[in-house]
Amino acid sequence: MKHWINQHAQALRLVFGRMRHRLLATLVMWCVMGVTVCLPAILFVIVDNLNRLTGNISTEPQISVFMKLDAEPGSITRLQQWLTQQKDVARVTFISKDAAWKQLQQKTAGAINLDKNPLPDAFQVAPRNHDPAAIEALQSLIQKQPGVELAQMDATWIKRLYAILELSKKALLVLVGLLGFALLAIIGNTIRLQVVTQREEIEVSKLIGATNRFIRRPFLYAGIVYGLGGGIAALLLLAGVIQLFNYSIADIAALYASDFHLGMPEPFVCLAIILIPVALGWLGSYVAVGRSLAKLESSR
Amino acid sequence: MIKFDQVSKRYPGSEQILRNVSFSIEPGELVFVAGASGAGKSTLLKLIAATERPTSGTVLIGNQNVSKLRAAALPFLRRKFGLVFQDHKLLYDRNCFENVALPLYINGITGHEAGKRIRAALDKVGLLGKEKAMPITLSGGEQQRLAIARAVVSRPSILIADEPTGNLDEGYAEEIMGIFYAFQQVGVTVIVATHDQHEIANSGARVLRLEQGTLTA
């Protein structure tokens, strides 16, 4: 056990020694990785915050049914009866033209001064089935009823927003995939170059009895340390970007009387921002060292 | 004990370098491997040190058959040997102390214990004052002695040196050979490849003479 700890401590010491030796190159590497990880993280923060913002909005779809202005009271009662009989309809609320007019005048504090009520009688219909196709079918059915001027789906805009958010989430996944691959390539290439520069040491070490594991170990730790530094750099960059944006966002949100602001992702997401590059660093250097060692072996 | 039985070695695309070589070396013996350049001395040493495997025949080190050993077990066999390479193979990006430290690190020995052993090894070859010097600043003879210090620091039971005095003046060469004799005195098996007849004549030790890959004496 002591021997095992000793070997790992020794490999880590070696890695830190080498990194101190090439401090600038190491810092640049961390920055490159930080930026690479930061890009999808920023997109994630945007999508995540929009999700939270829209989470407050009721997503229950409704169909607003406006009657013709000259519709007879009889056709209104018939439609109400017909609507309540439909098994696709969960709830029907009738809003008479007078009630709507009163409400409007209350809201606008009498600013609208008309001598005649321009509003039609209306129904709010809540469909039982929230599937867009089903709602649409119900809507067109209502539209065909006598006395109906317009049957309108209310939740369209929110559906569009959700569709855009869904799309952004997919884009985020693609971006994570692509940049993860880029990270693998960056780390793999760096480690490969390091193997080349350590070539003599590796050859001598193998001749005098070093195991492949011994030779691989410092490079794997180097990959992990690069990933760790990159992940931390990404978090710092992200915090900086969020801070910067919040100055402008606060101004805009104030105009909409909202206290909306961007927040840092949840702790487990922050942890992932650090751990994913660490894992990629390990994987990238594992592949790179394996290939380089095989090449050294065959060139001997 | 080292035992070769009908050992042949051929590299892909080359002529046969060793042909049916058989011999054995007892523990604590000092043996010269002699022969002209290209006679197969280096290849013979590589087969002993298990850095190459024979094309045919059996190489026994201790009681282990090198040809039948798994690749993963080879490093552990190699640690029994102290190797002095023809071209030193010193690492020029680090100082003398760190060069000698390499075999100990491979064996998982670090810290105080390692420092003690490294200084003892440097002392044995007369380089104790040059711990911090970079190998490139050393003379040819000093570099050779540094290579020996690295070979002996992990206290191997078998010391193998390929032309250790090849490029040295006579004075330096004698000094180096003196170091090898000293190790034999304390029970280490020493195997030295050389083309220097003078050296061999002086020693009175056993000689394995190679001619075009065949053992003649």
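Within every chain, numbering begins at 1; the chains are lettered A, B, ... in the order of the sequence lines, protein sequences first and strands thereafter.
Here the closest non-hydrogen pair linking B/Tyr105 and A/Phe214 is O-CE1, 3.4 Å. What you find for A/Val204 and B/Arg150 is that their closest heavy atoms are CG1-NH1, 3.7 Å.
Environment of CG in B/Asn63: sparse, with no more than 12 heavy atoms of neighbouring residues, nucleotides or ligands closer than 6.0 Å. Sparse packing is recorded around CD of A/Glu200, with 12 or fewer heavy atoms of other residues, nucleotides or ligands lying under 6.0 Å away. B/Lys80 NZ: more than 12 foreign heavy atoms inside a 6.0 Å radius. Counting non-hydrogen atoms of other residues, nucleotides and ligands closer than 6.0 Å to CZ of A/Phe181 gives a total of 12 or fewer. Counting non-hydrogen atoms of neighbouring residues, nucleotides and ligands closer than 6.0 angstrom, the CZ atom of B/Phe97 exceeds 12 such neighbours. The local environment of CD in B/Gln212 is sparse, with at most 12 non-hydrogen atoms from other residues, nucleotides or ligands closer than 6.0 Å. Remark: B/Phe23 CZ is packed, more than 12 non-hydrogen atoms of other residues, nucleotides or ligands lying under 6.0 Å away. Around the CZ atom of A/Arg22, the shell of radius 6.0 Å holds more than 12 heavy atoms that belong to other residues, nucleotides or ligands.
Between chain A and the options B/Ile106, B/Leu91, B/Leu102, the largest number of non-hydrogen pairs under 4.5 Å is found for B/Ile106.
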Stepwise side-chain contact (heavy atoms from CB on, under 4.5 Å) check, A/Thr211 with B/Arg79: CA-CA 10 Å; A/Thr211 54; B/Arg79 292 182 196 175; 3.7 Å; yes
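Only the side chain of A/Gln10 comes within less than 4.5 Å of a heavy atom of chain B; its backbone N, CA, C and O stay farther away. Contacts of B/Leu77 with chain A are absent, with no heavy-atom separation under 4.5 Å from either backbone or side chain. Heavy-atom distances place no part of B/Phe81 under 4.5 Å from chain A, backbone and side chain included. Contact annotation for A/Arg213: neither backbone nor side-chain heavy atoms come within less than 4.5 Å of a heavy atom of chain B.
Here B/Glu98 contributes atom CD and A/Glu201 contributes atom CD; the two are 10.0 Å apart, rounded to the nearest 0.5 Å.
Side-chain contact between B/Thr110 and A/Arg13 is present, with at least one heavy-atom pair separated by less than 4.5 Å.
Side chain of B/Arg78 to backbone of A/Leu207: no donor-acceptor contact under 3.5 angstrom is found.
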